[in-house]
Q: 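Below are the structure tokens for one structure; questions will follow.
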Amino acid sequence: MTGKKAAVFGLALACGLTFAQSVEAQNKPVRPAITGIAHLVVLDENLAATKHFYGDVIGWPASKPLDPADAVHYQVGLKQYIEVKTAPAHNPPDRVALLALETTDVRALRAYLAANGVSVPPKVERHANGSLAFDMTDPDGYRIEFTQGGKFPQPSANAISTHIIHAGFTVHNVDAVKHFYLDVLGFRPYWHGWQTDAGHVDGMDDYMAVQVPDGSDWVEFMLSDGRNIPAGSPTHNPHHFAPGVVSVAAAYAIVQQRDPALAAKVHPQQGRDGKGQLNLFDPDHTRVEFMDFQPHEKPCCSDFTASSPQPQP
């Protein structure tokens, strides 16, 4: 082959590869929007005791659950809810058993994840309220669900909060979890830090918060290396969720009115991220971390790299 013919052939081959790559890119599924936290499943041994905590104290109205199993559905906001289920006999330590995230197109998201090598279920399910959903496990084995649409009961005007702004769980396989949430799902870094300044080693965080790609809710990774999560403590459940409030002090005043004995066991505090916090614990020790929407002090450790949630009407 002459030099001229070889050059022409090489150009044609390059053009062909470029075209093929362009077609492949066009055919590859695009990730639909992931807008926020949809709901959580919490495990408790005594559903009657939790009704006082979630219903009477926090003010979330109870209704028939979506799942026919022994459970109670508590409506948080217009679309958010928690489902409290009876804990299984083996008494799992992780009581926040599922985190569900809202997407604008659940079928497209399932296809997108499959195209990126993520193991997904064979099909999308339709729930009793009309929502479409599928659930899976993340690289650390934590159960997550993606959901779209559905009809929900009305929230209560008496609720201390009508918006869950974040959920937190422990992370062991840090690199794989970061890749899944940041690289594949498109979550954005929000804040990172450590528990105390005493004995802190540079470059070693205890906490990493990442926001959903298309909203302001976030997931808090509690990086488990033995520093911030006590081992072998039956009453310490690090998994938690956080309802947002305009004022933690005002939220605490409501708890004092509704359950003085419970209020006497807790008090408002300032978080490492500069936001006020009020840690309540349900009857099975699941932490419900009421948190100010906006920071009131400069956070420790790092600055926020995205906007904080705003109160919803």
Side-chain angles (χ1 to χ4, degrees), residues 24-41 66 75-83 96 98-127 129-140 142-152 155 161-169 171 176-191 208-221 241-244 291 293-294 304-313:
E24 182 181 1
Q26 290 175 4
N27 292 334
K28 191 172 183 179
V30 176
R31 178 188 59 78
I34 301 172
T35 57
I37 294 173
H39 63 267
L40 301 110
V41 172
L66 301 181
Q75 194 66 28
V76 176
L78 290 174
K79 296 180 71 176
Q80 280 186 335
Y81 66 91
I82 67 165
E83 190 166 286
V96 182
L98 176 143
L99 167 66
L101 300 166
E102 181 76 17
T103 179
T104 54
D105 191 331
V106 72
R107 291 191 174 96
L109 183 58
R110 178 189 164 279
Y112 168 80
L113 290 172
N116 282 273
V118 178
S119 178
V120 294
K123 63 179 181 178
V124 168
E125 303 288 345
R126 184 177 293 276
H127 288 167
N129 71 334
S131 62
L132 297 172
F134 70 90
D135 67 73
M136 53 176 286
T137 56
D138 73 6
D140 230 30
Y142 188 70
R143 188 176 167 213
I144 58 173
E145 178 181 299
F146 297 98
T147 184
Q148 173 190 355
K151 296 181 179 179
F152 303 93
S161 170
T162 57
H163 183 191
I164 295 171
I165 57 176
H166 87 255
F169 47 87
V171 169
V177 168
K178 284 183 179 179
H179 171 68
F180 176 68
Y181 284 94
L182 297 174
D183 300 332
V184 178
L185 289 178
F187 277 58
R188 302 162 296 164
Y190 177 53
W191 179 78
M208 179 180 178
V210 293
Q211 278 189 335
V212 297
D214 308 285
S216 58
D217 297 345
W218 74 90
V219 176
E220 179 184 23
F221 299 148
F241 63 94
M291 175 177 279
F293 287 108
Q294 300 292 322
F304 289 103
T305 55
S307 298
S308 297
Q310 297 289 339
Q312 296 182 348

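No hydrogens, no waters, no symmetry mates; every other heavy atom, side chains included, goes into these values.
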Q: Is there a side-chain contact between Glu145 and Met136 (heavy atoms, below 4.5 Å)?
A: no

Q: Does the side chain of Phe241 reach to within under 4.5 Å of the side chain of Val76, using non-hydrogen atoms?
A: no

Q: Side chains of Val106 and Thr147: does their closest heavy-atom pair fall under 4.5 Å?
A: no

Q: Could you measure the distance from the CG atom of Leu101 to the OG1 atom of Thr35? Nearest 0.5 Å is fine.
A: 8.5 Å

Q: Would you please name every residue forming a side chain to side chain donor-acceptor pair (under 3.5 Å) with Gln148, sequence neighbours left out?
A: none

Q: Heavy-atom distance under 4.5 Å between the side chains of Asp135 and Arg143, does that happen here?
A: yes

Q: With sequence neighbours left out, what residues match Lys79 under side chain to side chain donor-acceptor pair (under 3.5 Å)?
A: Glu102

Q: Between Pro243 and Ser161, which heavy-atom pair has the shortest distance, and what is it?
A: CB-OG, 3.3 Å

Q: Roughly how far apart are Asp217 CG and His163 NE2, rounded to 0.5 Å?
A: 3.5 Å

Q: Distance-only criterion, 3.5 Å: show the donor-acceptor pairs between side-chain atoms of residues 116-126 and protein atoms not counting sequence neighbours.
A:
{"unit_1": "Asn116", "atom_1": "ND2", "unit_2": "Tyr112", "atom_2": "O", "d": "2.8"}
{"unit_1": "Arg126", "atom_1": "NH1", "unit_2": "Gly130", "atom_2": "O", "d": "3.0"}

Q: I need the minimum non-hydrogen distance between Pro32 and Thr103, along with the two atoms involved.
A: CG-OG1, 3.8 Å

Q: Please test Thr137 against Tyr142 for side chain to side chain contact (heavy atoms under 4.5 Å, CB included), starting from the C-alpha separation and ending with a verdict.
A: CA-CA 5 Å; Thr137 56; Tyr142 188 70; over 6 Å; no

Q: With rounding to the nearest 0.5 angstrom, report the OH to CD1 distance, Tyr81 to Ile37.
A: 13.0 Å

Q: Between the side chain of Gln80 and the main-chain N/O of Gln75, is any donor-acceptor distance below 3.5 Å?
A: no

Q: Which pairs with one or both residues in residues 31-41 pass salt bridge (charged side-chain N to carboxylate O under 4.0 Å, His left out), sequence neighbours excluded?
A: Arg31-Asp214

Q: Report the relative orientation of the aromatic rings in His166 and Trp218; use parallel for angles under 30°, tilted for 30 to 60°, perpendicular for over 60°.
A: parallel

Q: Within the structure provided, determine whether Leu132 and His127 are in side-chain contact (heavy-atom separation under 4.5 Å).
A: no

Q: Just so I know, are the side chains of Met291 and Ile165 near enough to count as touching, which here means a heavy-atom distance under 4.5 Å?
A: yes

Q: Taking the side chain as everything from C-beta on, heavy atoms only, tell me whether Thr104 gets closer than 4.5 Å to Ile34.
A: no

Q: Just how far is it from atom CG of Asp105 to atom CZ of Phe146, taken to the nearest 0.5 Å?
A: 13.0 Å

Q: Start with the C-alpha distance between Phe221 and Asp140, add both sets of side-chain angles, then the distance that settles side chain to side chain contact (heavy atoms under 4.5 Å, CB included), and finish with yes or no.
A: CA-CA 11 Å; Phe221 299 148; Asp140 230 30; over 6 Å; no

Q: Got a sec, which residues hit ring-ring contact (aromatic ring centres under 6.0 Å, His included) with Phe180, two or more places apart in sequence or on another chain?
A: none

Q: Run the numbers on Phe134 and Leu113 for side chain to side chain contact (heavy atoms under 4.5 Å, CB included), then give the verdict.
A: CA-CA 12 Å; Phe134 70 90; Leu113 290 172; 3.9 Å; yes

Q: Quick check: does any side chain N or O of Asn129 sit under 3.5 Å from a backbone N or O of Phe152, one acting as donor and the other as acceptor?
A: no

Q: What's the verdict on side chain to side chain contact (heavy atoms under 4.5 Å, CB included) for Leu99 and Val219, showing C-alpha distance, side-chain angles and the deciding distance?
A: CA-CA 9 Å; Leu99 167 66; Val219 176; 3.8 Å; yes

Q: Within this structure, what is the CD1-CG distance for the pair Ile144 and Leu98, rounded to the nearest 0.5 Å?
A: 8.5 Å

Q: Under 3.5 Å, side-chain donor or acceptor atoms of residues 182-191 against the rest of the protein: list the pairs with distances, not counting sequence neighbours.
A:
{"unit_1": "Asp183", "atom_1": "OD2", "unit_2": "His179", "atom_2": "ND1", "d": "2.9"}
{"unit_1": "Arg188", "atom_1": "NE", "unit_2": "Val212", "atom_2": "O", "d": "3.3"}
{"unit_1": "Arg188", "atom_1": "NH2", "unit_2": "Gln211", "atom_2": "OE1", "d": "3.2"}
{"unit_1": "Arg188", "atom_1": "NH2", "unit_2": "Val212", "atom_2": "O", "d": "2.9"}
{"unit_1": "Arg188", "atom_1": "NH2", "unit_2": "Gly215", "atom_2": "O", "d": "2.4"}
{"unit_1": "Tyr190", "atom_1": "OH", "unit_2": "Lys275", "atom_2": "NZ", "d": "2.7"}
{"unit_1": "Tyr190", "atom_1": "OH", "unit_2": "Ser308", "atom_2": "OG", "d": "2.6"}
{"unit_1": "Trp191", "atom_1": "NE1", "unit_2": "Cys300", "atom_2": "O", "d": "3.3"}
{"unit_1": "Trp191", "atom_1": "NE1", "unit_2": "Ser302", "atom_2": "O", "d": "3.1"}
{"unit_1": "Trp191", "atom_1": "NE1", "unit_2": "Ser302", "atom_2": "OG", "d": "3.4"}

Q: With a 4.5 Å limit on heavy-atom distance, are the side chains of Gln310 and Gln294 in contact?
A: yes

Q: Mind checking the CZ-OG spacing from Phe293 to Ser216? Nearest 0.5 Å is all I need.
A: 8.5 Å

